[in-house]
Amino acid sequence: MMQEEKPETIPFFKQAIEMVKCIPAGEVTTYGQISLLLSGTVRGARAVGYALAALSEEEGKVVPWWRVVNVRGRISNSNSHHGATRQRALLEDEGIEFGPDECIDLARYGWDGPEGHF
DNA sequence: CTTCTGACTGGGA
DNA sequence: GTCCCAGCCAGAA
């Protein structure tokens with residue numbers, strides 16, 4: 001259920017989080033894709049990463065932040081020592097397969113955005 | 001108001 | 001394919 005009461009009244013910070021919550025299980029997306037859906041430009045990818053970085057543990061259970069990886073199909077976590085290994089386990093649990101170098105096939109698991117929800 | 005940092009991306013070597 | 005450098009956006013001090 002996607003509630004879009006006032007998307008324009010919601011700050012980019014929260015918009016990115018709401019978008020991540022819209023990601024279906026078994027699929028992954030990139031920061032640039034989220035920024036592209038929000039503002040139409042991949043330039044805000046950094047802001048998206050910053051938004052997820054501010055997620056609390058409680059939000060981390062509500063927001064599938066682990067389904068968000070960089071455009072290379074690799075995990076970028078800054079707090080790797082805190083959740084990189086955990087993120088890989090969560091993705092594998094969703095059905096995502098990792099390559100020899102922990103690289104994900106965005107061509108197969110890459111989320112195209114709300115297109116699949118239209 | 002200005003300044004810095006940040007879970008990023010793109011292009012070049 | 002990988003690695004390095006520079007650029008853009010948003011939020012906090």
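First the proteins, then the strands, lettered A, B, ... as listed; each starts at 1. Below, each value reflects all heavy atoms present in this structure, side chains not excepted, and no hydrogens, waters or symmetry copies.
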Enquirer: Go through the steps to decide whether A/Tyr31 and A/Val71 satisfy the test side chain to side chain contact (heavy atoms under 4.5 Å, CB included), and finish with yes or no.
Expert: CA-CA 7 Å; A/Tyr31 301 90; A/Val71 72; over 6 Å; no

Enquirer: Using whole Å, report how far CZ of A/Phe12 lies from C1' of C/dA10.
Expert: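 From A/Phe12 CZ to C/dA10 C1': 8 Å.
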
Enquirer: Specify the separation, in whole Å, of atom CG of A/Leu36 and atom P of C/dA10.
Expert: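 After rounding, the gap between these two atoms is 14 Å.
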
Enquirer: How do A/Arg43 and A/Trp66 order along DNA chain B: which one's closest nucleotide is nearer the 5' end?
Expert: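 Of the two residues, A/Trp66 wins.
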
Enquirer: Within the structure shown, what part of the strands sits under 4.0 Å from A/Thr30 by heavy-atom distance: base, sugar-phosphate, or nothing?
Expert: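 If one applies the 4.0 Å heavy-atom cut-off, A/Thr30 turns out to touch the sugar-phosphate alone, with no base involved.
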
Enquirer: Between A/Arg72 and A/Val68, name the one whose nearest nucleotide on DNA chain B is closer to the 5' end.
Expert: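 Comparing both residues, the 5'-ward one is A/Val68.
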
Enquirer: Rounded to whole angstrom units, what separation is found between the CD atom of A/Glu57 and the C1' atom of B/dA7?
Expert: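 The distance from CD of A/Glu57 to C1' of B/dA7 comes to 16 Å, rounded to the nearest Å.
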
Enquirer: Atom CZ of A/Arg74 and atom P of C/dG1: how far apart are they, to the nearest Å?
Expert: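 Between P of C/dG1 and CZ of A/Arg74: 10 Å.
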
Enquirer: Partner of C/dC5 by Watson-Crick or G-U wobble geometry, both contacts under 3.5 Å, or none?
Expert: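 In the structure as shown, C/dC5 has B/dG10 as its Watson-Crick or wobble partner.
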
Enquirer: Hey, does the side-chain of A/Tyr31 have a donor or acceptor N/O within less than 3.5 Å of a partner on the base of B/dA7?
Expert: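 Side chain to base: pair found, below 3.5 Å.
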
Enquirer: Rounded to the Å, how far apart are A/Ile10 CD1 and C/dG11 P?
Expert: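 So the CD1-P distance, A/Ile10 to C/dG11, works out to 13 Å.
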
Enquirer: Indicate the atoms forming the closest heavy-atom contact of A/Phe12 with A/Ser35, along with that distance.
Expert: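 Smallest heavy-atom distance, with atoms named: CZ-OG, 4.2 Å.
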
Enquirer: Please find the pair of heavy atoms, one from A/Phe13 and one from A/Ala54, that lie closest to each other, and give the distance.
Expert: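 Shortest heavy-atom contact: CZ-CB, 3.1 Å.
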
Enquirer: Do A/Leu106 and A/Leu90 belong together in a cluster built from hydrophobic side chains that touch within less than 4.5 Å?
Expert: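 Yes, because A/Leu106 and A/Leu90 connect within a single hydrophobic cluster, where side-chain heavy atoms sit under 4.5 Å apart.
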
Enquirer: Taking atom P of C/dA10 as reference, at what distance in whole Å does atom OH of A/Tyr50 sit?
Expert: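 Going from OH in A/Tyr50 over to P in C/dA10 covers 14 Å.
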
Enquirer: What is the distance, rounded to the nearest whole Å, between atom CG of A/Asp101 and atom P of C/dT2?
Expert: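 Rounding to the nearest Å, CG of A/Asp101 and P of C/dT2 are 7 Å apart.
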
Enquirer: For the side chain of A/Val71, counting heavy atoms from C-beta on, which of B/dA7, B/dG10, C/dC9 is nearest?
Expert: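 Output: B/dG10.
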
Enquirer: Taking A/Trp66's backbone N and O only, do any of them form a donor-acceptor pair with A/Gln87's side chain (distance below 3.5 Å, no angle check)?
Expert: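 Here the side-chain-to-backbone pair exists.
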
Enquirer: Starting from C1' on B/dA7, measure out to CD1 on A/Ile104 and report it in whole angstrom.
Expert: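 Spelled out: CD1 on A/Ile104 to C1' on B/dA7 is 13 Å.
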
